[in-house]
Amino acid sequence: MHEGKQTFLELIIGIIFCSTLFSIPGFFWGGDRASYFLGLALGVAVAISMVVSMYRSIDRSLEMSEKDAVSYTKKKVLVRILIMVVAIFVVITNLETFHFLGALVGILSLKFSAYIQPLTHKFIFKFKEKRKVRE
């Protein structure tokens, strides 16, 4: 598998893993559990969309000249920042529906996923090796 695509999948798996861990405190949340989970789901959706955007922009920029690639990448970074700002704005304007902490943790799951990506890579690599041995 192409290294970029593999890293992309590992980040997605890491986001799902982190969001699963971050959902556990939601069960013990004293406040509105539904709003916490909706905020978390919104944050995770934003995080996954950011990973997809990063993967696509890197893939496309590799086919461009250096000058065009730098310009294109900067534009895509601004788009991702705008997506985060819009998501936070939606949460702040709808606090009865979305919990701010849940949304923030969901968005930050991308960062946590990036930190645990080497572990995710090792886990997936070992799983693939075991599957190849069985075949």
### Task
Apply the test ring pair (Phe, Tyr, Trp, His ring centres under 6.0 Å) to residues Phe98 and Tyr36: give CA-CA distance (whole Å), side-chain angles for both, the deciding distance (0.1 Å), then the verdict.
CA-CA 6 Å; Phe98 301 104; Tyr36 177 81; over 10 Å; no
### Query
After noting the C-alpha distance and the side-chain angles of Lys74 and Val70, does the key distance pass the side chain to side chain contact (heavy atoms under 4.5 Å, CB included) rule?
CA-CA 6 Å; Lys74 285 180 182 180; Val70 169; 3.7 Å; yes
### Query
Given the rule in the side chain to side chain contact (heavy atoms under 4.5 Å, CB included) test, do Ile48 and Leu110 qualify, once you have shown the distances and angles that lead to the verdict?
CA-CA 8 Å; Ile48 290 174; Leu110 171 58; over 6 Å; no
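Here the CZ atom belonging to Phe37 is positioned 15.0 Å from the CG atom belonging to Leu42, to the nearest 0.5 angstrom. Annotation: the span from Phe100 atom CZ to Ile92 atom CD1 amounts to 5.5 Å, rounded to 0.5 Å.
When hydrophobic clusters are built by joining Ile, Leu, Val, Met, Phe, Trp and Tyr residues whose side-chain heavy atoms come closer than 4.5 Å, directly or via intermediates, Leu108 is grouped together with Leu40. Grouping the Ile, Leu, Val, Met, Phe, Trp and Tyr side chains by contacts below 4.5 angstrom, directly or via other members, places Met84 apart from Leu78.
The stretch residues 12-23 participates, sequence neighbours left out, in no side-chain hydrogen bond (donor to acceptor under 3.5 Å, both in side chains) pair at all. Contacts classified as side-chain hydrogen bond (donor to acceptor under 3.5 Å, both in side chains) and involving residues 61-71 (residues at least two apart or in different chains) are given here: Ser65-Asp68.
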Would you give me the side-chain donor-acceptor pairs under 3.5 Å for residues 51-60, sequence neighbours excluded?
{"residue": "Ser53", "atom": "OG", "partner": "Arg80", "partner atom": "NH1", "Å": "3.1"}
{"residue": "Ser57", "atom": "OG", "partner": "Ser53", "partner atom": "O", "Å": "3.1"}
{"residue": "Ser57", "atom": "OG", "partner": "Met54", "partner atom": "O", "Å": "3.1"}

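Shown here are the side chain to side chain contact (heavy atoms under 4.5 Å, CB included) partners of Ser113, two or more places apart in sequence or in another chain: Leu11, Ile15. Taking the side chain to side chain donor-acceptor pair (under 3.5 Å) definition, one finds that Ser49 meets it with nothing, sequence neighbours left out.
Cluster note: Tyr115 groups with no other residue, as no ILVMFWY side-chain heavy atom lies under 4.5 Å from it.
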